[in-house]
Amino acid sequence: MHNARRPRKKKGLSRMMDSRLSALARAAFSSENLLRGKGDPVTIVVDAMGSDRAPKPEVEGAIQAVRLGLAKVILVGPEAQLRDELALHPSAAKLPIEIVNATQVISMDEKAATAVRSKRDSTMRVGLRLVREGRAVGFVSAGNTGAMMATAKMVLGTLPGVDRPAIAAVFPTQAGTVSVMVDVGANVDAKPHNLEQFAVMGEIYSRQIFGTKKPRVGLLSVGEEESKGNELTREAFPLLKALPFNFIGNVEGRDLYSGKADVIVCDGFVGNVALKVSEGLVSTVRAILKESLQETITRQVGFLLSREAFTDFKRRLDYTEYGGAPLLGLKGVAIVSHGSSNANAIKNAIRVAAECATRGINETIEQDLTRFASHQKANGNTAFDSSAAEDAAGA
């Protein structure tokens with residue numbers, strides 16, 4: 001009688017390695033399961049015309065998110081076009097996906113200030129109004145970042161104590177944790193007190209979303225010494241040092257992935273350059289690795305034996321797993337996604353928006369800014385006083 005061959009059990013070390021690699025991959029961002037089973041899903045608005053290949057990724061991403069129970073979705077864009085795109089997915093007919101018509105789209109090459117003023121029925125403006133009116137708790141767009149920043153600030157307004165909203169991006173680290181960089185593009189010119197506010201918002205984001213108990217906050221500079229850096233970083237250093245949290249001083253560019261800091265603070269010009277360099281480096285490493293693995297049969301066999309590890313590696317560095325970056329400091333949740341976002345990126349951006357809303361990121365930022373402002377005033381420093389919160393009543 002032929003005996004069925006039993007699958008060989010993995011040795012203890014192999015199981016430990018697989019477990020560790022999986023944990024590292026998951027550490028890049030909180031799991032989708034965190035939002036399941038917590039009552040009715042919240043509603044998120046998606047700018048259906050934001051990405052380079054809109055509306056296909058937005059519609060498919062919305063369907064994926066709704067099927068996973070991450071959120072209910074409102075798609076904003078030309079109604080007829082969105083209905084045609086949804087019709088390509090007959091199985092999604094009964095899902096809680098709503099369409100709200102918007103007749104105008106702000107393109108990537110338009111000047112933000114001009115577009116925001118002239119296009120009052122743009123997908124961004126209509127979508128953000130839905131958040132302001134309470135029909136949704138968050139907004140996602142893969143469109144023009146400058147227009148998103150300007151429109152969100154005008155329609156939603158900023159939290160008390162916040163001069164300028166900032167974009168917080170997430171990077172995986174060697175330690176298996178994540179590093180949050182603030183700002184990565186919303187403010188190319190910043191003042192020392194702006195960096196102070198970015199530090200507070202980034203510290204809160206790290207605590208609330210990633211569960212970091214006492215985030216280590218570093219100021220991005222060209223050297224670790226307090227005297228190193230340009231005028232902006234030298235003036236910002238004592239402001240961050242005076243804040244009542246775990247400020248570890250200056251950090252360097254290499255610390256972005258080292259895990260030395262949980263939050264890295266910089267102006268939007270430097271942050272955006274760091275972000276784009278990182279994206280380019282990841283793309284290059286992938287291309288070189290793929291080419292190298294295909295050179296010989298031995299390497300191809302080695303790749304097949306290590307496929308799970310390579311899959312985890314790819315996932316940790318895949319921006320679509322992060323979905324999007326929150327625009328911190330607004331009176332509402334707004335998520336900025338990459339222009340080349342695919343359906344997976346949009347799905348995860350919806351998840352990020354839902355997490356930010358359900359965990360009360362904005363409420364915590366407002367409370368802590370008030371608390372830190374009181375701390376500063378008690379020490380004779382009023383840097384946190386702000387007159388920049390905007391009245392959006394006429395938006």
Show me, pair by pair, the donor-acceptor contacts under 3.5 angstrom made by side chains of residues 238-250, not counting sequence neighbours?
| residue | atom | partner | partner atom | Å |
| --- | --- | --- | --- | --- |
| Asn250 | ND2 | Gly223 | O | 3.3 |
| Asn250 | ND2 | Glu225 | O | 2.8 |

**Request:** Check the hydrophobic clustering (I, L, V, M, F, W, Y; side-chain heavy atoms under 4.5 Å; chains of links allowed) and say if Val188 and Val273 are grouped together.
**Result:** yes
**Request:** Please check if atom CD in Glu231 has more than 12 non-hydrogen atoms from other residues, nucleotides or ligands closer than 6.0 Å.
**Result:** no
**Request:** Indicate yes or no: does Glu133 engage Arg129 in a salt bridge with an N to O separation below 4.0 Å.
**Result:** no
**Message:** The criterion is salt bridge (Lys or Arg N to Asp or Glu O under 4.0 Å); which residues satisfy it with Lys276, sequence neighbours excluded?
**Reply:** none
**Complete:** All heavy atoms of Pro192 vs all of Leu232, minimum pair found to be N-CD1, 3.5 Å
**Request:** Examine the side chains of Ser341 and Ser51 and answer whether a donor and an acceptor come within less than 3.5 Å of each other.
**Result:** no
Would you be so kind as to tabulate the donor-acceptor pairs closer than 3.5 Å made by side chains of residues 84-100, with sequence neighbours excluded?
| residue | atom | partner | partner atom | Å |
| --- | --- | --- | --- | --- |
| Ser91 | OG | Arg67 | NH2 | 2.3 |
| Glu98 | OE2 | Arg135 | NH2 | 2.8 |

**Fill in**
Nearest heavy-atom contact between Met201 and Arg164 is CE-O, 4.1 Å
**Prompt:** With no hydrogens and no angle check, do the side chains of Lys191 and Asn194 hold a donor and an acceptor under 3.5 Å apart?
**Reply:** no
**Asked** Which pairs count as salt bridge (Lys or Arg N to Asp or Glu O under 4.0 Å) when at least one residue sits in residues 250-263, sequence neighbours excluded?
**Response** Arg216-Asp262, Glu224-Lys260, Glu252-Arg254
Sequence neighbours left out, cut at 3.5 Å: what donor-acceptor pairs do the side chains of residues 106-115 make with other protein atoms?
| residue | atom | partner | partner atom | Å |
| --- | --- | --- | --- | --- |
| Ser107 | OG | Asp109 | OD1 | 2.6 |
| Ser107 | OG | Glu110 | OE2 | 3.2 |
| Glu110 | OE1 | Lys119 | NZ | 3.3 |
| Glu110 | OE2 | Ser107 | N | 2.8 |
| Glu110 | OE2 | Lys119 | NZ | 2.8 |

**Fill in**
So salt bridge (Lys or Arg N to Asp or Glu O under 4.0 Å) across residues 168-186, not counting sequence neighbours, yields none
